[in-house]
Amino acid sequence: RRPSDLINHEYTQGYFPKSYAGSTIFKYNPKTEEISSLGIPYFTEALVALYLDEKRNTLNGLTVNGKFFRLNINTMELFRYGTIGRMTRTPDRIREMIMDNNGCSYFNNDIGGLTKFDPETGKFTDIDITLPGKLKDFRATVVSPDNIIYAISTEGFVWSYAPGTNKFENFGHIFGLPRQPVYTPNIALDEKRNRLYFLASNHGGGRIEEALGTITILDLNTGKYHWIGMVDGFEGCFGALVAKDHDVYFSCLGYAYEKDGFSKGADGKPVTRPYLLKYEPPSVLEPSK
């Protein structure tokens, strides 16, 4: 098929073989290097999130159209729950779900909050909180060892939620500009230093060119943001984590370089490639200016 035919391929909602068969779940054993297929949980649906509930040995997943499912790896029983993940913006931007340390799953709902699924009871509950921003969503999340959920929205609002106490905290906008969307689909937690790390202002409409790819730290002890600096050659970042030695790693997309500058494709535009970015943060943060 021509590239122009694939622009909206993800959202055609057509049936195979006319369009898209759907995402397949694979299992990989690094010891034996064996790869096995666990099938397609939802035909014609692309998967955007997949989490393992280790206690129940069950995979929890969400499709691009917000359909939630659970796959029992022991019995291969597949449970489909239909359209659970919902957003107040256009449906083609569903990109994430949350699973806490107890195996409970969380989704955006139509009333600007979160809907919780409890695997023990099999029930869905709308939580009485209101997410910040106009879109009232989440784009990237991380769960702490004491089961606190930290999230950043598509627009750049950072918040936390504690399921045990139902405490919700809004940390504000990542750049202090609530009217300016700042797309930041990554977040990492250092639980020892009590910090969140971001590579803020990514590709797309929700970005600030003058601050593209800004390493940002949120000090959870003070609630203050620290903007460290910008990353050269940066195009996007869609994942981050903190190592035991406190170093931060960002999974990035950037421009490919040659001796004479950017590597260009057949269309004359710069070519991008994946990079792993390592950041060594200071042990003590200077006061924000």
Side-chain angles (χ1 to χ4, degrees), residues 51 96 98-102 132-133 138-165 167-178 180 182-203 206-255 257 273-289:
Y51 291 90
E96 185 62 287
I98 304 168
M99 193 184 77
D100 69 16
N101 297 337
N102 297 321
F138 57 85
R139 178 58 184 86
T141 64
V142 63
V143 181
S144 71
D146 53 353
N147 210 35
I148 306 298
I149 298 168
Y150 294 95
I152 183 166
S153 74
T154 306
E155 299 167 299
F157 291 92
V158 183
W159 52 266
S160 70
Y161 175 67
T165 61
K167 180 182 178 182
F168 178 81
E169 188 169 359
N170 180 5
F171 294 101
H173 190 269
I174 193 169
F175 283 165
L177 302 170
Q180 169 65 54
V182 176
Y183 185 51
T184 305
N186 58 80
I187 185 173
L189 170 67
D190 186 332
E191 62 264 23
K192 299 296 184 181
R193 291 179 174 174
N194 210 22
R195 300 176 186 174
L196 291 175
Y197 293 90
F198 310 89
L199 195 50
S201 191
N202 270 245
H203 75 293
R207 68 180 182 184
I208 302 176
E209 289 290 346
E210 296 80 6
L212 183 63
T214 299
I215 294 179
T216 304
I217 303 174
L218 171 57
D219 186 349
L220 295 170
N221 297 308
T222 62
K224 295 183 179 297
Y225 288 94
H226 298 258
W227 301 283
I228 306 303
M230 296 172 60
V231 177
D232 292 332
F234 172 83
E235 178 67 13
C237 174
F238 303 95
L241 58 84
V242 177
K244 292 182 179 180
D245 60 3
H246 305 289
D247 288 345
V248 188
Y249 294 86
F250 296 99
S251 177
C252 298
L253 188 68
Y255 296 117
Y257 287 91
R273 53 153 289 184
Y275 287 94
L276 184 62
L277 173 68
K278 176 183 177 182
Y279 170 58
E280 299 178 10
S283 58
V284 177
L285 295 174
E286 297 293 332
S288 297
K289 296 181 181 179

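These numbers were taken from a predicted model, which means no experiment stands behind them.
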Enquirer: Measuring from T141:OG1 to L189:CG, what's the distance to the nearest 0.5 Å?
Expert: 11.5 Å
Enquirer: When you measure from the side chain of Y150 to the backbone of A188, do you find a donor-acceptor pair of N or O atoms at a distance under 3.5 Å?
Expert: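 No: the side chain of Y150 does not pair with the backbone of A188.
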Enquirer: What are the two closest non-hydrogen atoms of R139 and E96, and how far apart are they?
Expert: O-CB, 3.8 Å
Enquirer: Begin from the C-alpha positions of D100 and N102 and carry the test side chain to side chain donor-acceptor pair (under 3.5 Å) through to its verdict.
Expert: CA-CA 5 Å; D100 69 16; N102 297 321; 4.5 Å; no
Enquirer: Counting N and O atoms only, with roles assigned by atom type, does the side chain of T184 sit under 3.5 Å from a partner on the main chain of S201, one being a donor and the other an acceptor?
Expert: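 Flag set: sc T184 to bb S201 pair under 3.5 Å.
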Enquirer: Taking the side chain as every heavy atom from C-beta outward, state whether F238 and P274 have any pair of such atoms under 4.5 Å apart.
Expert: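 Answer no - side chains too far apart.
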Enquirer: Does any non-hydrogen side-chain atom of L199 lie less than 4.5 Å from one of I215?
Expert: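 Side-chain contact under 4.5 Å: yes.
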Enquirer: What is the minimum heavy-atom distance between E235 and Y255, and which atoms define it?
Expert: OE1-OH, 3.0 Å
Enquirer: Provide the closest heavy-atom pair for D247 versus E280 in the form atom of the first, atom of the second, distance.
Expert: OD1-CG, 3.4 Å
Enquirer: If I compare all heavy atoms of N186 with all of A140, which pair ends up nearest, and what's the gap?
Expert: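 So the two residues come closest at N-CB, 3.5 Å.
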Enquirer: Measure across A240 and F250 and return the closest heavy-atom pair with its distance rounded to 0.1 Å.
Expert: CB-CD2, 3.6 Å
Enquirer: Quick one: does any side-chain atom of S153 pair with a main-chain N or O of E155 as donor and acceptor, under 3.5 Å?
Expert: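 Indeed, once roles are kept as given, a pair shorter than 3.5 Å links the two residues.
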Enquirer: Run the side-chain contact (heavy atoms from CB on, under 4.5 Å) check on S160 and K167 step by step: do they pass?
Expert: CA-CA 8 Å; S160 70; K167 180 182 178 182; over 6 Å; no
Enquirer: Relative to each other, are the rings of Y225 and F198 parallel, tilted or perpendicular (30° and 60° limits)?
Expert: tilted
Enquirer: Run the side-chain contact (heavy atoms from CB on, under 4.5 Å) check on T214 and I208 step by step: do they pass?
Expert: CA-CA 10 Å; T214 299; I208 302 176; over 6 Å; no
Enquirer: If you round to the nearest 0.5 Å, how far is CZ of R273 from CG of L253?
Expert: 10.0 Å
Enquirer: What's the spacing between L212 CG and H203 NE2 if we round to 0.5 Å?
Expert: 10.5 Å
Enquirer: Might you point out which heavy atoms bring G133 and F157 nearest each other, and give the distance in Å?
Expert: CA-CE1, 3.5 Å
Enquirer: If only atom types and distance count, is the side chain of N147 paired as donor or acceptor with the main-chain N or O of A162 below 3.5 Å?
Expert: no
Enquirer: Around atom CG of D232, are there more than 12 heavy atoms from other residues, nucleotides or ligands closer than 6.0 Å?
Expert: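 12 or below, so no.
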Enquirer: Drop me the distance from Y183's OH to I174's CD1, to the nearest 0.5 angstrom.
Expert: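 Reported to 0.5 Å precision, the distance equals 13.0 Å.
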Enquirer: Checking N101 against V143 for the side-chain contact (heavy atoms from CB on, under 4.5 Å) test, could you report, in this order, the C-alpha distance in whole Å, the side-chain angles of both residues, the deciding distance, and whether it holds?
Expert: CA-CA 7 Å; N101 297 337; V143 181; 3.6 Å; yes
Enquirer: So do L285 and R195 actually touch side chain to side chain, heavy atoms under 4.5 Å?
Expert: yes
Enquirer: Would you call I152 and F138 a side-chain contact if the rule is heavy atoms closer than 4.5 Å?
Expert: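 Sidechains of F138 and I152: no contact.
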Enquirer: Can you tell me how far the OH atom of Y249 sits from the CG atom of L277, to the nearest 0.5 Å?
Expert: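 Between Y249 OH and L277 CG, I get 10.5 Å after rounding to 0.5 Å.
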Enquirer: Could you state the interatomic distance from CD (E286) to CD1 (I228), rounded to the nearest 0.5 Å?
Expert: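 Separation between the atoms: 9.5 Å.
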Enquirer: Can any side-chain N or O of H246 pair as donor or acceptor with the backbone N or O of K192 at less than 3.5 Å?
Expert: no
Enquirer: Check whether any side-chain heavy atom of D190 lies under 4.5 Å from a side-chain heavy atom of V248, and answer yes or no.
Expert: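 A side-chain contact under 4.5 Å is absent here.
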Enquirer: Between N202 (side chain only) and C237 (backbone N and O only), is there a donor and an acceptor less than 3.5 Å apart?
Expert: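 Side chain of N202 to backbone of C237: a pair is present.
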Enquirer: Determine yes or no for a side-chain-to-main-chain donor-acceptor pair under 3.5 angstrom, with Y161 supplying the side chain and A151 the backbone.
Expert: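 No; zero donor-acceptor contacts below 3.5 Å.
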